[in-house]
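Inspection log for the structure reproduced underneath, given as structure tokens.
All residue numbers refer to positions in the sequence shown, counting from 1.
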Amino acid sequence: VQLQTSGGGLVQAGGSLRLSCAGSRVRLEYYTIGWFRQAPGKEREGVSYIGGSGFSASGSNTYYADSVKGRFTISRDIAKNTVILQMNGLKPEDTAVYYCAASPGTPSPPMSPDEFDYWGQGTLVTVSS
């Protein structure tokens, strides 16, 4: 599984960015796709995930960390074999390197990196105040 992350950049507080995670050699809808971020000096934290065909938990197959709930939206573009993270209302504390990752199983909140087997390269998001 190869994942390619794109869409990072510099934006002012309150602005928006759209991150994409594109899959090659595999259909992403078979995997739960998650977004993580890592700020300088901090541990990698889970941001959001969207369940794939192997997702077996009851209830919603999407998850958002409390810190991004209501501002970020995760979705799939099946035709383009991508997963999108739409980030609105960005805050300086959202500044981090963002990574997408794939899991064949059923991750659970709050999203441990150990639950994801495949990783894309990071893309830097910088939010200025």
Side-chain angles (χ1 to χ4, degrees):
V1 178
Q2 292 185 342
L3 304 174
Q4 294 181 323
T5 313
S6 62
L10 173 63
V11 65
Q12 289 186 333
S16 298
L17 283 173
R18 182 181 170 96
L19 303 184
S20 294
C21 178
S24 61
R25 303 183 181 181
V26 66
R27 296 298 306 177
L28 291 190
E29 59 260 39
Y30 300 145
Y31 293 85
T32 294
I33 303 298
W35 287 95
F36 291 80
R37 64 187 182 187
Q38 188 165 17
K42 294 188 177 181
E43 293 187 353
R44 191 167 297 189
E45 65 168 341
V47 174
S48 178
Y49 68 64
I50 185 165
S53 59
F55 193 83
S56 62
S58 60
S60 175
N61 72 338
T62 59
Y63 161 80
Y64 298 95
D66 287 343
S67 58
V68 306
K69 200 172 293 182
R71 300 188 296 123
F72 291 10
T73 303
I74 192 169
S75 62
R76 291 184 184 272
D77 186 332
I78 301 296
K80 295 183 178 179
N81 199 29
T82 62
V83 172
I84 304 297
L85 185 68
Q86 178 66 43
M87 306 187 297
N88 299 328
L90 283 162
K91 305 175 181 180
E93 51 264 43
D94 294 317
T95 295
V97 177
Y98 284 70
Y99 301 87
C100 69
S103 170
T106 306
S108 58
M111 290 178 67
S112 168
D114 294 339
E115 296 178 290
F116 290 79
D117 297 330
Y118 308 102
W119 292 79
Q121 85 286 7
T123 186
L124 178 62
V125 171
T126 304
V127 185
S128 62
S129 57

One pair to check against salt bridge (Lys or Arg N to Asp or Glu O under 4.0 Å): E45 and R37. What are the steps and the verdict? CA-CA 6 Å; E45 65 168 341; R37 64 187 182 187; 2.7 Å; yes

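By the neighbour-count criterion of 12 heavy atoms within 6.0 Å, atom CD of Q86 is densely surrounded, having more than that number from other residues, nucleotides or ligands. Few gaps surround CZ on R27; more than 12 heavy atoms of other groups in view lie less than 6.0 Å from it.
Between F116 and F36, the ring-plane angle classifies as perpendicular under the 30° and 60° cut-offs. Using bins of under 30°, 30° to 60° and over 60° for the plane-to-plane angle, the ring pair F72/Y98 lands in the tilted bin.
The cluster map of Ile, Leu, Val, Met, Phe, Trp and Tyr, joined by side-chain heavy atoms under 4.5 Å apart, puts V1 and I33 in the same cluster. Criterion: ILVMFWY side-chain heavy atoms under 4.5 Å apart, direct or through other members. Under it, I50 and M87 are part of a common hydrophobic cluster. Taking hydrophobic clusters as Ile, Leu, Val, Met, Phe, Trp and Tyr residues chained together by side-chain heavy-atom distances below 4.5 Å, V47 shares a cluster with V83.
With a 6.0 Å cutoff to the six-membered ring centre and a 45° limit on the axis angle, R44 counts as a cation-pi contact of W119.
For the pair K91 and V68, the minimum side-chain heavy-atom distance is 4.5 Å or more.
Considering all non-hydrogen atoms of both residues, N88 and S16 come closest at OD1-OG, 2.9 Å.
T82 places no side-chain N or O within donor-acceptor distance of the main-chain N or O of S20, the cut-off being under 3.5 Å.
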